Amino acid sequence: MHSKDQICYEDYQQTADWLLSQTQHRPKVAIICGSGLGLLADALKCQDSFKYADIPGFPQSTVQGHAGRLVFGELKGKTCVCMQGRFHMYEGHSLCKVTFPIRVFKLLGVETVIVTNAAGSLNDTYHCGDIMVIKDHINFPGLAGLNPLNGPNEEKFGPRFPAMSGIYDKHLRRLAFDICKSMGYAQFVQEGVYCMVGGPNFESIAEARLLHKLGVDAVGMSTAPEVLVAGHCGMRVFGLSLITNKVVKCYDDTEAVNHESVLEVGKMRSETLQTLVTELVGRMDINNNTA
Ligand SMILES: O=P(O)(O)O[C@@H]1C[C@H](O)[C@@H](CO)O1
Ligand SMILES: Nc1nc2[nH]cnc2c(=O)[nH]1
């Protein structure tokens, strides 16, 4: 490792080599579980799991609802790796640390990354418990210069100036909608724009109104950095937001969001999300290699 915040190619490689020496699984798909959505990992068969604390070079989860385990296993015969708990900028991690696992996944041979998160809705037609297929994002920290790709570009991963148009794979989005229709989920599945803010505070009313005016459908505190880094190294990206609350936009509204209620809605929808992700992985076009 160079300086505290600078991570070099060999650091990612060391962690990947360690994981490859500890498991026979050779994942093609990585799944990142958002707040309260860690139960997604329970669907994996033939599991090998590792606490983040035991993985050389891995950051640590500090947020309630993020177990801090990396789980390898099979979903519908496809080998996956699942992060039960992600890292957020507001925990004090640098964005290189937040996205460290993504580059490790690339070196493990992962080709598709599925990101999930808990988010508040700005779109008046959305309801608590809705699932939003992410069509695109607005990355506020990124627009302000806080970007995991800052610093010397690591050409072995990708280009200096990666495009982000079409980053959320159209084919997978369409497939997700087909699955939702056939499972009877269509009435609570939406497609929209996710916005990342830094957190850890939830939005003020003026901020909520600003996001609403900008056309944001759902707001959260994660996802965009992981998606940037996955896109930079050529991985296919699919994203889901679980709408855990409506963002307060009215000064007369006395309700206030809290993390506990976010986790509660996560629990309520965990089985549905598990089914959707399992079916999606099952119907994905990937080559499944084993060690
Ligand atoms: O990891 P995600 O983005 O799902 O977590 C969201 C944003 C905050 O970390 C937390 C707020 O309850 O949920
Ligand atoms: N920023 C933000 N993150 C969330 N995560 C879950 N709900 C919310 C919300 O309302 N705002």
Side-chain angles (χ1 to χ4, degrees), residues 25-47 70-84 86 101-102 105-106 108-119 126 129-137 166-194 217-218 220 222-224 226-227 230-231 234-244 265-289:
H25 290 299
R26 295 294 178 261
K28 290 286 179 197
V29 180
I31 302 163
I32 304 180
C33 301
S35 287
L37 304 175
L39 290 175
L40 268 176
D42 291 353
L44 267 60
K45 307 272 185 284
C46 313
Q47 294 192 3
L70 195 61
V71 184
F72 291 77
E74 304 214 336
L75 269 187
K76 298 255 175 174
K78 308 245 172 74
T79 312
C80 300
V81 57
C82 188
M83 283 180 75
Q84 243 183 350
R86 65 146 55 83
I102 303 293
F105 295 157
K106 175 72 181 175
L108 294 180
V110 167
E111 292 167 355
T112 305
V113 177
I114 300 177
V115 286
T116 68
N117 59 58
Y126 288 9
D130 280 0
I131 293 170
M132 184 184 85
V133 173
I134 306 177
K135 183 182 181 178
D136 202 352
H137 72 221
I167 181 69
Y168 295 90
D169 188 82
K170 208 182 210 168
H171 169 74
L172 291 179
R173 286 191 278 129
R174 203 171 298 139
L175 183 58
F177 272 97
D178 289 348
I179 292 167
C180 287
K181 235 187 237 167
S182 64
M183 310 291 289
Y185 297 166
Q187 77 277 12
F188 58 83
V189 176
Q190 316 281 356
E191 187 172 52
V193 173
Y194 173 85
D217 295 299
S222 68
T223 301
E226 295 145 351
V227 167
M235 293 196 275
R236 185 166 63 156
V237 175
F238 175 78
L240 292 174
S241 293
L242 175 65
I243 304 303
T244 52
V265 179
K267 249 189 245 160
M268 186 185 97
R269 272 283 186 243
S270 60
E271 219 169 285
T272 311
L273 272 162
Q274 231 184 40
T275 311
L276 174 54
V277 171
T278 305
E279 289 300 313
L280 188 75
V281 171
R283 288 173 57 178
M284 262 181 202
D285 193 10
I286 49 176
N287 298 318
N288 203 31
N289 296 337

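Side-chain atoms are counted along with the backbone in the values below, which use heavy atoms only and exclude waters and symmetry mates. Quick caveat: nothing in here was measured; it's all calculated off a predicted structure.
How far CD1 of I243 is from CE of M132: 5.5 Å, rounded to the nearest 0.5 Å. Here the OG1-CG distance, from T275 to L280, works out to 12.0 Å after rounding to the nearest 0.5 Å. Taken from SG in C180 to CD in E191, the straight-line distance is 10.5 Å, to the nearest 0.5 Å. Separation of atoms CD1 (I31) and CD (Q84) is listed at 11.0 Å; rounding is to 0.5 Å. Here the OG1 atom belonging to T116 is positioned 10.5 Å from the CD1 atom belonging to I131, to the nearest 0.5 angstrom. To the nearest 0.5 Å, atom CG of residue D178 and atom CZ of residue R174 are 8.5 Å apart.
E74 and K45 are not joined by a salt bridge, as no carboxylate oxygen comes within less than 4.0 angstrom of a charged side-chain nitrogen.
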Query raised in the report: Given the rule in the side-chain contact (heavy atoms from CB on, under 4.5 Å) test, do L240 and L37 qualify, once you have shown the distances and angles that lead to the verdict?
Result: CA-CA 11 Å; L240 292 174; L37 304 175; over 6 Å; no
**Report entry** Test side-chain contact (heavy atoms from CB on, under 4.5 Å) applied to E279 and K76, step by step
**Finding:** CA-CA 8 Å; E279 289 300 313; K76 298 255 175 174; 3.0 Å; yes
Report task. Quick one: do M284 and F238 satisfy side-chain contact (heavy atoms from CB on, under 4.5 Å)? Show the steps, please. Result -> CA-CA 11 Å; M284 262 181 202; F238 175 78; 5.6 Å; no
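A donor atom on one side chain and an acceptor atom on the other are found under 3.5 Å apart for N117 and T223.
Closest heavy-atom contact between G192 and Y126: CA-OH, 3.7 Å. Of all heavy-atom pairs between V113 and A230, the closest is CG2-CB, 4.1 Å. Residues C33 and L40 come closest through the heavy atom pair SG-CB, 3.8 Å. Between C82 and L44, the shortest heavy-atom distance links the atoms CB-CD2, 4.1 Å. Shortest non-hydrogen contact noted between R86 and G34 is NH1-CA, 3.4 Å. Taking every heavy atom of both residues into account, L242 and D130 meet most closely at CD1-O, 3.5 Å.
R173 contributes a side-chain N or O that, together with a main-chain N or O of Y168, makes up a donor-acceptor pair within less than 3.5 Å. A distance-only check finds a donor-acceptor pair linking the side chain of H25 to the backbone of C46 [under 3.5 Å]. Within the 3.5 Å criterion, the main-chain N or O of A41 finds a donor-acceptor partner in the side chain of Q47. Distance alone, capped at 3.5 Å, places no donor-acceptor pair between the Y185 side chain and the L273 backbone. The backbone N or O of L39 sits less than 3.5 Å from a side-chain atom of Q274, completing a donor-acceptor pair. Put simply, the side chain of D217 gets close to the backbone of V193: a donor and an acceptor are under 3.5 Å apart.
Under the 4.5 Å side-chain criterion, counting only non-hydrogen atoms from C-beta, I114 is not in contact with I32. Between P27 and F72, the closest side-chain pair of non-hydrogen atoms falls below 4.5 Å. Residues Y194 and V115 are not in side-chain contact: their nearest non-hydrogen atoms beyond the backbone lie 4.5 Å or more apart.
Applying side chain to side chain contact (heavy atoms under 4.5 Å, CB included) to M235 and the options V227, T112, V110 leaves one that passes, V110. Tested against E111, the residues K106, R236, K28 include a single side chain to side chain contact (heavy atoms under 4.5 Å, CB included) partner, K28.
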